[in-house]
Amino acid sequence: MPELPEVEIVKRSLKNNVKYKKIKKVIISNRNLRFKIQKKFENTLKGRLILSVERFSKYIILTLSNNKYCLIHLGMSGTLHLVRYDKKGTFTNLSFYHSKTLPKKHNHIKIKFSKFMIVYNDPRRFGFFKIFNNQKTLKDYFSRSGPEATSNKFNYKYLKSKLINKEKNIKNFLLDQNYVSGIGNIYANEILFYCKINPQKKCKKINKNQTIKLVKNSKFVLNLAIKLGGSSIRDFKNISGKSGLFQNEFKVYGRENKNCITENCKGKISKIFISNRSTFFCNLCQK
DNA sequence: CCGTTAACCTGAGAGC
DNA sequence: TGCTCTCAGGTTAACG
């Protein structure tokens, strides 16, 4: 579920709570996430300080005081929660997707600190936790990843070089983490709307002006989403506080058959499937 | 090499 | 109330 902005929000709230804290105990109730959790996982974390909490693309990276790393990916449905050991058992969502209390099912991992624990919940189990023994193996893991859409490395020159002669459509291109990292289905739709590009357009047909727009609007959309706390599209409970607000900014995503919001455009938003992913766009103004 | 499809999972919602 | 069907913010092995 989470794309770069949501993972950034989770990373910030996780960092605020666990940086320089010592892990007392790790309890795993289901090791079968996307990848089986390694046998060494508990012992690698136990007794260590968390020296830093960082993010690359849709991944969270914990640096441990034994110079090892814990990589976290939330998949489609992973969320992190904080439960205090005080009398009230104070519960805090660290994720963009909110619930009132700790979910009853699918709490696979508990990482215990002295005054609270972090709980990883993931119904679909597409997320994973993975230990890396050193910086090199971690770096190698990301060796084929494209630059983050928000970074300076994702610029006109780079994008032009990747689009050239490519038969693939532009939407699948934006979703391909090997070309550009951090964009998922919601933001790919939104970015293409801002660029006025039809998602089915072949990469090789994208012109200079559109390439410039793609770079600019990718950064604009993702940064705005971060500023608004990410998107919480199925947060019906409307918990006060930290719930994401970018869903209110959607121009095309989930707006099938509604009017295009572009000034003077009489178009309606179409929904089609591209590679099994729902795709929303204005048939008139996205060319 | 390239591009597309199926598969991994559970749960919510729609339609009947 | 309950059944069946479709869909969901991600990734990647396998295929043509």
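None of these values were measured; they are calculated from a predicted model. Side chains are part of it too, since the values below use all heavy atoms of this structure and drop only hydrogens, waters and symmetry mates. Just so we're on the same page: letters track the sequence lines, and every chain starts at 1.
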With P as the reference atom in both, quote the distance from dT11(C) to dA12(B) in angstrom, rounded to an integer.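 These two P atoms come out 23 Å apart once rounded.
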Please report the distance separating the P of dG9(C) from the corresponding atom of dG3(B), rounded so that it comes out in whole Å.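 Taking atom P in both dG9(C) and dG3(B), they lie 23 Å apart.
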Grab the [atom1]-[atom2] distance between [X] and [N] for me, whole Å please.
X	N	atom1	atom2	answer
Ile183(A)	dG10(C)	CD1	P	11 Å
Asn169(A)	dG3(B)	CG	P	10 Å
Glu190(A)	dG9(C)	CD	P	12 Å
Phe129(A)	dG10(C)	CZ	P	18 Å
Asp122(A)	dA8(C)	CG	P	18 Å
Asp176(A)	dC1(B)	CG	P	14 Å
Arg144(A)	dC2(B)	CZ	P	13 Å
Glu256(A)	dA14(B)	CD	P	14 Å

Do Ile61(A) and Phe142(A) come within less than 4.5 Å of each other through their side chains, counting heavy atoms only?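 Ile61(A) reaches Phe142(A) side chain to side chain.
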Do the non-hydrogen side-chain atoms of Glu148(A) and Phe56(A) ever get within less than 4.5 Å of each other?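 Yes; the side chains approach each other to less than 4.5 Å.
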Would you tabulate the side-chain donor-acceptor contacts of residues 261-268 of chain A under 3.5 Å, counting partners in other chains and residues two or more places apart, or write 'none'?
{"from": "Thr262(A)", "atom 1": "OG1", "to": "Lys196(A)", "atom 2": "NZ", "distance (Å)": "3.1"}
{"from": "Lys268(A)", "atom 1": "NZ", "to": "Asn259(A)", "atom 2": "OD1", "distance (Å)": "2.9"}

Hey, where does DNA chain C pair up into stems, meaning at least three consecutive Watson-Crick or G-U pairs with distances under 3.5 Å?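 Runs of three or more consecutive pairs: B:2-8 with C:10-16, B:10-16 with C:2-8.
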So what does Phe273(A) touch, heavy atoms closer than 4.0 Å: a base, only the sugar-phosphate, or nothing?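 It contacts sugar-phosphate atoms only.
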Within the structure shown, what part of the strands sits under 4.0 Å from Asn172(A) by heavy-atom distance: base, sugar-phosphate, or nothing?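 If one applies the 4.0 Å heavy-atom cut-off, Asn172(A) turns out to touch the sugar-phosphate alone, with no base involved.
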Is the phosphate of [N], meaning OP1 or OP2, less than 4.0 Å from a side-chain N or O of [X]?
X	N	value
Arg277(A)	dG9(C)	yes
Gln177(A)	dG10(C)	no
Lys58(A)	dT11(C)	yes
His106(A)	dC9(B)	no
Ser278(A)	dC7(C)	no
His73(A)	dT11(C)	yes

Quick one: [atom1] on [X] to [atom2] on [Y], what's the gap to the nearest 0.5 Å?
X	Y	atom1	atom2	answer
Phe154(A)	Leu159(A)	CZ	CG	4.5 Å
Lys11(A)	Ile72(A)	NZ	CD1	12.5 Å
Thr211(A)	Lys208(A)	OG1	NZ	9.5 Å

Which residue is it: Phe273(A), Tyr253(A), Phe193(A), Tyr187(A)? I am looking for the one with a ring pair (Phe, Tyr, Trp, His ring centres under 6.0 Å) to Phe280(A).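 So the option named by the test is Tyr253(A).
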I'd like to know if the side chain of Asp86(A) pairs up with that of Thr90(A) as donor and acceptor (distance under 3.5 Å, no hydrogens or angles considered).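 Yes, a side-chain donor-acceptor pair sits under 3.5 Å.
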Under a 3.5 Å cutoff, is there a donor and acceptor pairing between the side chains of Ser13(A) and Asn16(A)?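 Asn16(A) and Ser13(A) do not have a side-chain donor-acceptor pair below 3.5 Å.
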Between Asn276(A) and Lys168(A), which has a closest nucleotide on DNA chain B that is more 5'?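 The residue whose closest nucleotide sits nearer the 5' end is Lys168(A).
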Closest to the [X] side chain, choosing from [options]:
X	options	answer
Arg34(A)	dG10(C), dG3(B), dG9(C)	dG10(C)
Lys105(A)	dG11(B), dT12(C), dG3(B)	dG11(B)
Arg124(A)	dC9(B), dG10(C), dT4(B)	dC9(B)

For the base of dT11(C) and the side-chain ring of Phe126(A), does the geometry meet a stacking cutoff of under 5.5 Å between centres and under 30° between planes?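 Answer is no, no stack.
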Below 3.5 Å, does any donor atom in the side chain of Arg125(A) face an acceptor in the base of dT10(B), or the other way round?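 In this structure, the two groups form no donor-acceptor pair.
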